Number of protein chains: 2
Amino acid sequence: MKKIEAANAAEMPGQPAKRNTPQKAAVKHALGEATGFVSAQQLHQTLKKHGSTIGLATVYRTLADLAQAGEADSLQSKDSEVLYRACTTSHHHHLICRECGLTLEIEAENLEKWADKVATEHGFVQPSHNIDIFGFCAACQSAKTESGVAK
Amino acid sequence: MKKIEAANAAEMPGQPAKRNTPQKAAVKHALGEATGFVSAQQLHQTLKKHGSTIGLATVYRTLADLAQAGEADSLQSKDSEVLYRACTTSHHHHLICRECGLTLEIEAENLEKWADKVATEHGFVQPSHNIDIFGFCAACQSAKTESGVAK
DNA sequence: TCTCTTATTGACAAAGATTCTCAATAAGAC
DNA sequence: GTCTTATTGAGAATCTTTGTCAATAAGAGA
Ligand SMILES: [Zn+2]
Ligand SMILES: [Zn+2]
Ligand SMILES: [Zn+2]
Ligand SMILES: [Zn+2]
């Protein structure tokens, strides 16, 4: 029969208690090692390549948890898959070419502050953000113009 | 045999000439009508509901074109689908609760300028951006704390 | 207006990504 | 150790997005 000793101190209406497992640690570590954004599938491959027998579903679950906990940021790739990045990684944003995919890293101290301030002002905690700028790079720009597809 | 009179003025190495079709117009219109972000599937449903016999693939293709042309912004939903929004819609950003999904609209004139400036400075044209802030709203925050799942 | 070339479309298949199911396993508390 | 149950892995099941291809119809030119 079930023990109903709930009132002690760490769960009740909320979610059940989380457990620490080597799988979660592995995903977290792998995400940290990765440079830039990576997909769940990629991480799974990497982990297996390093000997882990972790399941794909677990990678997805862990990544989703990390994102929800604000420990990872996610982004949508052109290839219709979700990419993740550890939040600790030197934080920066991207300027991406809609045509060729060229990506430049952007830093903006003020922006970081602004984002956190907005969140805080509205009573939100553990703020994080997704900021990406898109456009057509100089190269693709001229390529288009030259080929007559101009304006 | 093919006519090779290319050199006249509007295509050559680039893409073939685009054509205007009622389908494209319909998607564009539906996207404009929509309030906020919508998925390709949603738009397809809406269009069919309004009598259109447009194909799902066409909706996807058109949406992709619009996004590429900078006429629509896209965003990744929690439900792993891509959401689109007509660029004309009064532009603003979102502060989203990672727990309950509560979404607040954020406006920031300076930010818009900043984003466009960054793009321009790096030689990019037709700039657009995705800026979203995440966090846990006050309600979800206290809910967690109370339930002991706190920190 | 009539023709001709070919971009576009729609239905369906195919590919992928993400989630679900469930029996087996193993944290974590006692 | 023992017990409860969160977590896991494998595979099925879903679902979103893309590719295929014959049929259709813009748009340019006659
Ligand atoms: Zn480019
Ligand atoms: Zn930032
Ligand atoms: Zn909330
Ligand atoms: Zn903006």
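Order of the sequence lines sets the chain letters (A, B, ...), proteins ahead of strands, with each chain counted from 1. All heavy atoms count here, side chains included; hydrogens, waters and symmetry mates do not. Values in this document were obtained by computation on a predicted structure and should not be read as measured data.
Looking at residues two or more places apart in sequence or on another chain, you find a salt bridge (charged side-chain N to carboxylate O under 4.0 Å, His left out) between Asp73(B) and Arg85(B). A search for side chain to side chain contact (heavy atoms under 4.5 Å, CB included) contacts involving Val82(A) returns Ser74(A), Tyr84(A), Gln76(B), not counting sequence neighbours. Remark: Thr58(B) engages Arg61(B) in a side-chain hydrogen bond (donor to acceptor under 3.5 Å, both in side chains) (not counting sequence neighbours). Every residue was checked against the side chain to side chain contact (heavy atoms under 4.5 Å, CB included) condition with Ala64(A), not counting sequence neighbours, and none meets it. Evaluation of the side chain to side chain contact (heavy atoms under 4.5 Å, CB included) rule for Ala108(B) yields Trp114(A), Leu111(B) as partners, not counting sequence neighbours. Shown here are the side chain to side chain contact (heavy atoms under 4.5 Å, CB included) partners of Glu105(B), two or more places apart in sequence or in another chain: His92(B), His94(B).
When the P atom of dT8(D) is taken as reference, atom NE2 of His44(A) falls 13 Å away, rounded to whole Å. Nucleotide dT16(D) holds its C1' atom 18 Å from the CZ atom of Phe37(B), rounded to whole Å.
Transitive grouping of hydrophobic side chains (ILVMFWY, heavy atoms separated by less than 4.5 Å) keeps Leu31(A) and Phe37(A) in distinct clusters.
The stretch residues 21-47 of chain A participates, sequence neighbours left out, in these salt bridge (charged side-chain N to carboxylate O under 4.0 Å, His left out) pairs: Lys28(A)-Glu71(A). Listed by first then second residue, pairs satisfying side-chain hydrogen bond (donor to acceptor under 3.5 Å, both in side chains) with a partner in residues 42-56 of chain A read Ser39(A)-Gln42(A), not counting sequence neighbours. For residues 111-128 of chain B, the salt bridge (charged side-chain N to carboxylate O under 4.0 Å, His left out) pairs, not counting sequence neighbours, are Lys117(B)-Glu121(B).
Proximity of residues 20-27 of chain B to DNA chain D (heavy atom under 4.0 angstrom from any strand atom) is restricted to Asn20(B).
Each end of the helix from dT1(C)-dA30(D) to dC30(C)-dG1(D) yields a helix axis from five base pairs, and these two axes differ in direction by 50° (to the nearest 10 degrees).
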Per-nt protein contacts along nucleotides 11-21 of chain C (heavy atom under 4.0 Å; B base, S backbone sugar-phosphate only, - none) come out as B-----SBBBB
